[in-house]
Amino acid sequence: MSQMTDAKPLPIIIDCDPGVDDAIAILMALGNKDAIDLRAITCVAGNVPLSSTSANARRVLDLAGCSEVPVYNGCAHPIMKQKGRTSSAHGTDGLGGVNLRDPVTPLQDDHAIDAINRIARETPGGIVLCPIGPMTNVALALLRYPDLRDHIRQIVLMGGACFGPGNITPLAEFNFHVDPHAAQIVMTAVIPIMLFGLDVTRQAILSKSFSKDLAAAEEPLFQAAGQMLGAYESRDPCLHDPCVIAWLVDPGLFKSVPAHVEITLSEGDAAGQSVARTQARHLNNREPNCEVMTEVDVPRLEALLKDSLTTLASESALQTS
Ligand code: BDR
Ligand code: CA
């Protein structure tokens, strides 16, 4: 399974919980306008509470000089819990303590669920949905609007750990563990899904000097990205969420296998575990419901990130000159 169309730029929505690696994913998308048309950012509680994720998304747009991208608030907690688990990897503010100003980019009035539905319907050929936080918004949008799936070209998501251990528990990856019910609704939606789990994102480790070199640069965008990455990589060295965007720009960076993935809904460490069936004897007449990413070319991923930030910095310099 590859991208559903060759037509570029691909119209996408990023559903996210920034989060340092979410922030880098947003910057990567904005630095590739020939390939990606970012129609909206929808926010969900995850790494930090919702009020912080939606403020952080807007801070990142300010930093990139892209305040025209609309940002929507979504769900403040998982489907079956009053309070979701957060992640310490991103610092208490979610952006590694980097001192970005209060956001100027406005927060839109619509709820993320309604925005996803409206934008998907307005997009000829449908939207590419990129969930890189807990899947709560996406799952509830699919339930609220049953024919929405006809307007989603593809879901390209970060979540799960199919062939190896989890990160938040020994069995489960953070995004799926925080809202396992949402993850299962998405995985059973019968929409083409590309799944970027820890199987591939654990390989996505930048060279040691990458964040330091960025932080030492004069360009404010580079400095902020370098500082965020520097704070984050001591706690989690993996560039999880940007893998989703990198695939949209250059799918040749990745290898994958078709699989049937089911989410464990029990309580405790197994909640959100992604059980992947790839062999005929395990599939037992089930059809694969996604492509599980297994390998990434890390030097090319790093080069793509550097190029994306360079392009974005020069575009925002042109705007302000
Ligand atoms: C996922 O969890 C979050 O901490 C990251 O932003 C990423 O989406 C990795 O497990
Ligand atoms: Ca995330």
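In this text, all values refer to a predicted model and were calculated from it rather than measured experimentally. First listed ligand is number 1; within each ligand, the first listed atom is number 1.
A donor and an acceptor atom, one from each side chain of Thr53 and Asp17, are nowhere located under 3.5 Å apart. With 3.5 Å as the limit, one finds no donor-acceptor pair spanning the side chains of Asp199 and Thr294. A donor atom on one side chain and an acceptor atom on the other are found under 3.5 Å apart for Asp179 and Thr136.
Nearest N, O or S atom of Asp241 to the Ca ion (ligand 2): atom OD2. As for Asp17, its N/O/S atom nearest the Ca ion (ligand 2) is the one called OD1.
Using a 4.0 Å cut-off between a side-chain N of Lys or Arg and a carboxylate O of Asp or Glu, Glu122 and Arg39 do not qualify as a salt bridge. A salt bridge links Arg118 and Asp110; the closest N-O separation between the charged side-chain nitrogens and carboxylate oxygens is under 4.0 Å.
Of the protein's non-hydrogen atoms, Asp21 OD1, 2.6 Å is the one closest to atom 6 (O) of ligand 1. In this structure, atom 2 (O) of ligand 1 lies nearest to the protein heavy atom Phe174 CD2, 3.3 Å. Closest to atom 8 (O) of ligand 1, if we only count protein heavy atoms, is Asp241 OD1, 2.6 Å. If you check which protein heavy atom lies closest to atom 10 (O) of ligand 1, you get Glu173 OE2, 2.5 Å. Shortest contact from atom 3 (C) of ligand 1 to any protein heavy atom: Asn47 OD1, 3.1 Å.
A donor-acceptor pair is defined here as one N or O able to donate and one able to accept, closer than 3.5 Å; such a pair exists between the side chain of Thr169 and the backbone of Asp269. A donor-acceptor contact shorter than 3.5 Å links the side chain of Asn167 to the backbone of Phe174.
When all heavy atoms of Val71 and Leu107 are compared, the pair lying nearest together is O-CD1, 3.5 Å. Contact detail for Gln273 and Ala172: the closest heavy-atom pair is N-CB, 4.0 Å.
Looking at Met158 next to ligand 1, no N or O pair under 3.5 Å apart turns up. Residue His240 has no nitrogen or oxygen atom sitting less than 3.5 Å from a nitrogen or oxygen atom of ligand 1, judged on distance alone.
Ile132 lies close to the Ca ion (ligand 2), since one of its N, O or S atoms is found at a distance under 3.0 Å. Within the coordination shell of the Ca ion (ligand 2), defined by N, O or S atoms under 3.0 Å, Asp21 is absent.
Of the heavy atoms in Ile168, none comes closer than 4.0 Å to ligand 1. In Asp236, neither the side chain nor the backbone holds a heavy atom less than 4.0 Å from any atom of ligand 1.
Listed by number with element, the atoms of ligand 1 under 4.0 Å from a non-hydrogen atom of Asn175 are 1 (C), 2 (O), 7 (C), 8 (O).
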